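In what follows, a structure is listed as structure tokens, so that the remarks can point back to it.
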Amino acid sequence: MSGLPEGYRVRPFTPDDSSAVAEFFNRVEQEPESADSLRSRFEKYPSTMSVQRLIVEHYGTPVAYGHSVALHEAGGTQPLVFIIRADVVPKHEGRGIGRHLFWLSESFARDKGAAWLMSKVRDDLDRGLRFLEKLGYRQEQHLYGVILDLEGWDQPLVLPEGIEIKSWADYPDDAVHRRRLYECTIAADADTPGIELWGLVEYDDWDKYTFESRWFRPAGCLIAVDKSGEWVGVSVAGPTDEDNVSTDFTGVIRSHRGLGIARALKVAGAQWAKSIGAKRIHTYNDDRNGPMRHINFDLGFQPQTGWRMMRKDP
Ligand SMILES: CC(C)(COP(=O)(O)OP(=O)(O)OC[C@H]1O[C@@H](n2cnc3c(N)ncnc32)[C@H](O)[C@@H]1OP(=O)(O)O)[C@@H](O)C(=O)NCCC(=O)NCCS
């Protein structure tokens with residue numbers, strides 16, 4: 001491990017660093033994040049979860065941020081994946097700060113029993129790619145954001161025969177219905193490209209992540225119901241700020257695919273986003289997801305610069 005040059009020191013992140021970190025993130029992220037939403041997102045992580053967030057200061061001013069975050073707690077059926085990230089202010093690049101933060105983050109993940117480490121880099125950031133490759137990361141997945149401009153967008157909702165679209169707001173928010181939504185979600189998610197890398201989310205993590213998220217809105221959580229009352233598809237979207245809605249997941253159970261259900265859910269989701277005054281709706285696609293890419297492009301979504309998801313064995 002290399003140390004830090006003179007004048008730099010590492011210390012734990014505190015919530016008061018949120019605006020500096022939001023600025024660092026917004027240099028590369030495509031969905032802008034405010035200091036407040038970042039603060040609340042960071043505070044949401046349960047204290048039992050394995051998370052290390054660090055700040056590097058240069059004579060007292062934050063100039064870099066690094067984290068090592070477990071996607072869930074140890075002991076479940078999912079692989080214990082740690083997300084490693086470092087953001088260094090351009091003026092302070094090339095001084096070994098990113099490498100130092102990665103070393104600290106990877107050591108933390110290793111101590112906690114990480115199955116593997118994941119980091120990401122935007123397609124146009126060659127320097128970041130070279131940095132990760134040098135540290136031993138290899139590309140495992142390629143994702144890119146797609147964005148639909150809702151101003152002027154208008155498409156009718158065409159329901160496949162025998163299918164109704166309901167929302168979470170139509171049902172009591174109780175354990176039985178939450179479990180039903182979860183079962184439908186993971187039945188579909190089992191076929192999402194990349195699931196072999198991330199694993200299927202366990203109920204408790206999903207429940208927390210979904211219902212305690214700032215973006216969750218009952219009316220934005222859409223459920224496709226067939227004639228027999230079975231829940232056969234879901235699409236969950238919510239606002240990330242007053243202009244933007246993000247779709248977290250869309251899926252249809254295997255027996256009901258190819259009938260136009262996902263398309264109907266996406267149209268209903270975009271209509272809902274428009275009804276709450278959003279200007280854009282955003283989601284991520286895997287290069288390998290033929291049907292989802294087809295639906296999104298057909299509805300008018302435009303691709304953004306993609307991301308390489310890079311993996312390293314600890
Ligand atoms: C992706 C998914 C949601 C699609 O659901 P669906 O209800 O079968 O989709 P629809 O029937 O509404 O539409 C599928 C469209 O993709 C097209 N399509 C199917 N396979 C395709 C492929 N390999 N390449 C391109 N287009 C394809 C179909 O022809 C259809 O288009 P059309 O209506 O113009 O003919 C479903 O396959 C799924 O749940 N997969 C696993 C979960 C997942 O990957 N979710 C997305 C990640 S967030």
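Numbering starts at 1 and runs along the sequence shown. All values derive from a computational prediction rather than experimental measurement. When a ligand or atom number is given, it counts from 1 through the structure's own listing order.
Protein heavy atom in closest approach to atom 18 (N) of ligand 1: Pro291 CA, 3.8 Å. Looking at atom 13 (O) of ligand 1, its nearest protein heavy atom turns out to be Ile295 CD1, 3.4 Å. Of all protein heavy atoms, the one closest to atom 9 (O) of ligand 1 is Ala262 CB, 3.4 Å. Atom 26 (N) of ligand 1 has His294 CB, 3.4 Å as its closest protein atom, hydrogens excluded (heavy atom only). In this structure, atom 37 (O) of ligand 1 lies nearest to the protein heavy atom Arg257 CD, 3.3 Å. Distance from atom 44 (O) of ligand 1 to its nearest protein heavy atom, with residue and atom name: Asn289 ND2, 2.7 Å. At the shortest separation from atom 43 (C) of ligand 1 among protein heavy atoms lies Thr192 OG1, 3.3 Å. Taking atom 41 (C) of ligand 1 as the reference point, the nearest protein heavy-atom neighbour is Ala188 O, 3.3 Å.
Below 4.0 Å from some heavy atom of Gly251 lie the following atoms of ligand 1, by number and element: 3 (C), 39 (O). With ligand atoms numbered from 1 in the order given, ligand 1 contributes 10 (P), 11 (O), 12 (O) to contacts under 4.0 Å with heavy atoms of Gly260. Close approach to Arg263 involves these atoms of ligand 1, each under 4.0 Å from a residue heavy atom: 12 (O), 32 (P), 33 (O), 34 (O). Atoms of ligand 1 lying under 4.0 Å from at least one heavy atom of Phe249, given by number and element, are 45 (N), 48 (S). With ligand atoms numbered from 1 in the order given, ligand 1 contributes 6 (P), 8 (O), 11 (O) to contacts under 4.0 Å with heavy atoms of Gly258. If you number the atoms of ligand 1 from 1 as listed, the ones under 4.0 Å from a heavy atom of Leu259 come out as 11 (O).
Not a single N or O atom of Asp298, backbone or side chain, sits closer than 3.5 Å to an N or O atom of ligand 1. Checked against a 3.5 angstrom limit, the closest N/O atoms of Val252 and ligand 1 fall inside it.
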Test ring-ring contact (aromatic ring centres under 6.0 Å, His included) applied to Tyr203 and Trp206, step by step: CA-CA 5 Å; Tyr203 181 82; Trp206 168 86; 5.6 Å; yes

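Residue contacts with ligand 1, taken as heavy atom pairs separated by less than 4.0 Å, do not involve Ile253 at all.
Within 6.0 Å of CD on Glu196 lie more than 12 heavy atoms contributed by other residues, nucleotides or ligands. Annotation: Gln271, atom CD; neighbour count of heavy atoms from other residues, nucleotides and ligands within 6.0 Å is above 12. No more than 12 heavy atoms of other residues, nucleotides or ligands lie within 6.0 Å of NZ in Lys112, so this atom counts as exposed by the packing criterion.
Counting only distance, with no hydrogens or angles, the side chain of Arg110 and the backbone of Pro314 share a donor-acceptor pair below 3.5 Å. One N or O on the side chain of Asp170 and one on the backbone of Ser167 form a donor-acceptor pair closer than 3.5 Å. Of the possible donor and acceptor atoms, one in the side chain of Gln78 sits under 3.5 Å from a partner among the backbone N and O of Trp198. Judged by distance alone, the side chain of Arg122 and the main-chain N or O of Val28 form a donor-acceptor pair under 3.5 Å. Lys166 places no side-chain N or O within 3.5 Å of a backbone atom of Tyr171 that could act as its donor or acceptor partner.
Of the candidates Ile84, Val81, Leu71, Met118 forms a side chain to side chain contact (heavy atoms under 4.5 Å, CB included) with just one, namely Val81.
In this structure, CG in Leu4 is found 4.0 Å from NE2 in His100, a value given to the nearest 0.5 Å.
Within 4.0 Å of atom 29 (O) of ligand 1, not a single protein heavy atom is present.
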